[in-house]
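Notes follow the structure.
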Amino acid sequence: MTEASYPLPNRFERPSVVSFALYIFIAWFVVVSFSGAGISLSNFIEGIPNMGTLLSEMFPPKMDRLGAIGKALLETFQMAIGGTILGVILSVPLGVFASRTQSPHVLVYRFTRLLISFFRSVPDLVWALFFVATVGLGPFAGTLALMIDTIGFCARFFAEAIEEINSGPQEALTAIGANRTSRLFCSVFPAAMPSFTNTAMYSLEKATRSSVVLGLVGAGGIGIELKVSMDMFRYAEASTIILFIFLLVVAVETLSTKIRQKLM
Amino acid sequence: MNLALNMNQAAPSISTAELEIEIREIRKSYGETPILKGLNLEIPKGQAVALIGSNGSGKSTLLRCTTRLIEPDSGEVILHGQNITKLTGARLREARSKIGFVFQHHNLVPRLSVLSNVLHGALGRKPSARLWFQSLATNLDREEAMYCLERVGLAQFAARRVTQLSGGQSQRVAIARALMQRPTIIMADEPVASLDPQAGEEVMNLFFQLSRSENLTLLFCTHHLEHAVDYADRVVGLSKGTIQLDQESSSISVAELRGIYD
């Protein structure tokens, strides 16, 4: 066997005192978090019979309000489509301003990043409450909430996609004498398009799932139907609604996957 | 396309032709490291000049400073009588539009068609949104782009995506894009460095033919000393940010040029 003339490096690096203390703190916090989250095995076991009762009352699903449920489901999907498209369109300029490589000024970059973080950190249900209070009950409030939620998600990923693209074609267009707008449309957007499409399609899936919940606060869609059914103990009807929501989400995810595969 | 060489075509000498490129006392440092140390160079219209030198000698930096893709720390660059170091905004873009710049890795937009990429060459002289994609462009512009593609022998690939082309073909599309600029100068930064020898010869041959037929001034960096001797009228050797050699290519051999790398 040949022997190296240099000593072998250690398999693991010895952590510094600070790193070691940090690891201990993280481990302690995880344990405390489980306790703080109220996780209780006994409560879970005691709840199993209730779950069984509820599930038995949900089956078989009741199909006598299919027309109303279908209409609410269509409205839910329309909200998701409207909110996503508006959000994606507005995310494009915000993504440009929020990218280090394309932002016209560092202050614009910082302000846009802050705005996007704010949009993202406030949950969609809170946005829905805000818009219900300002533009009234109904799908328009839900659409606006989904639009803001989409911007918070898409603009960030659009900015990152723009930052990651190869700068070579942009340099070539700069050398040609192309202006900033031409450089964006001729090299930045085409190069970032696969990532934009991916993010937009994922946003549509996300918006479809969110639009179901928004109805719970009066922002349109099928959520209100689900809430009424549950409040009135019409569990068989609730199970029908849940089944249709499941079918809608699966259909949107399948469609989104196919579109992404086609465009990539 | 006829790529046959005709080395007997005359090249202008410095004393007789008008100056196309004047570089005066150009300096550029990256941090504490000086790359260009007060470099002077004059190139007359229609002359083909090869820049040689080891990695880090400042060849690429000099080309980029000449078009202000990199800002020089000091010095002046005068292109066809216009001091471009003093230009900003639209006037700088207009000056750049007359310089065809071909990069080592062609720098085409990968998801667009060959024709769209060639059309982009006109964006400097005509900033119109209709030039962004070939589907929006006027017939006149599309025909001009097709003509540029014909000149590099790739008109049959106009509708293809550039990702479907070989390295040599992509570099020829980049040359077609430069021709679409209607340039008076072509600069090329190691244009054949990533190509196989045969594709490299074809591309250099194309540069040579175009520069002679259009009376274009050609300034290219290369590590292929044979290319410097075969395709340039003049060879300029850089070392440590200064010009160590400036000679007509007909009066120097490849073996002598190797000395610049010592």
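Quick note: numbers below take in every heavy atom, side chains included, and nothing from hydrogens, waters or symmetry partners. None of the values given here were measured: they were computed from a predicted structure. Residue numbers begin at 1 in each chain, while the letters A, B, ... track the order of the sequences.
- Here the OG atom belonging to A:S187 is positioned 9.0 Å from the CG atom belonging to B:L112, to the nearest 0.5 angstrom.
- Counting heavy atoms from C-beta on, the side chains of B:R177 and A:I176 come closer than 4.5 Å.
- Here the CG-OG1 distance, from B:L123 to A:T181, works out to 10.5 Å after rounding to the nearest 0.5 Å.
- Within a 6.0 Å radius of CZ in B:F133, other residues, nucleotides and ligands contribute more than 12 heavy atoms.
- Of all the heavy atoms in B:V109 and A:P169, the pair that sits closest is CG2-CB, 4.0 Å.
- Ranked by heavy-atom pairs under 4.5 Å with chain B, the first of A:I165, A:N166, A:T174 is A:T174.
- No more than 12 heavy atoms of other residues, nucleotides or ligands lie within 6.0 Å of CD in A:E13, so this atom counts as exposed by the packing criterion.
- Note that CG of B:L131 and CZ of A:F185 are 14.5 Å apart. Values are rounded to the nearest 0.5 Å.
- Residue-environment remark: NZ (A:K71) stays at or below the threshold of 12 foreign heavy atoms within 6.0 Å.
- B:T67 does not touch chain A: none of its heavy atoms, backbone or side chain, sits under 4.5 Å away.
- With values rounded to the nearest 0.5 angstrom, A:C186 atom SG is found 9.5 Å from B:L119 atom CG.
- Around atom CD1 of A:I26, more than 12 heavy atoms belonging to other residues, nucleotides or ligands sit under 6.0 Å away.
- In terms of heavy atoms, A:P194 sits closest to B:R111 at CG-NH1, 3.4 Å.
- Heavy atoms of B:H120 lying under 4.5 Å from chain A belong to its backbone as well as its side chain.
- Only the side chain of B:R64 comes within contact range of chain A, with at least one heavy atom under 4.5 Å from a heavy atom of that chain.
- Ranked by heavy-atom pairs under 4.5 Å with chain A, the list B:R96, B:R125, B:H106 is led by B:R96.
- Ranked by heavy-atom pairs under 4.5 Å with chain A, the first of B:F103, B:F101, B:W132 is B:W132.
- Interface residue B:I99: only backbone heavy atoms are found under 4.5 Å from chain A.
- Within a 6.0 Å sphere centred on OH of B:Y30, other residues, nucleotides and ligands contribute more than 12 heavy atoms.
- Around OH of A:Y202, the count of heavy atoms belonging to other residues, nucleotides or ligands within 6.0 Å does not exceed 12.
- At a 4.5 Å heavy-atom cutoff, A:S167 makes no contact with chain B through either its backbone or its side chain.
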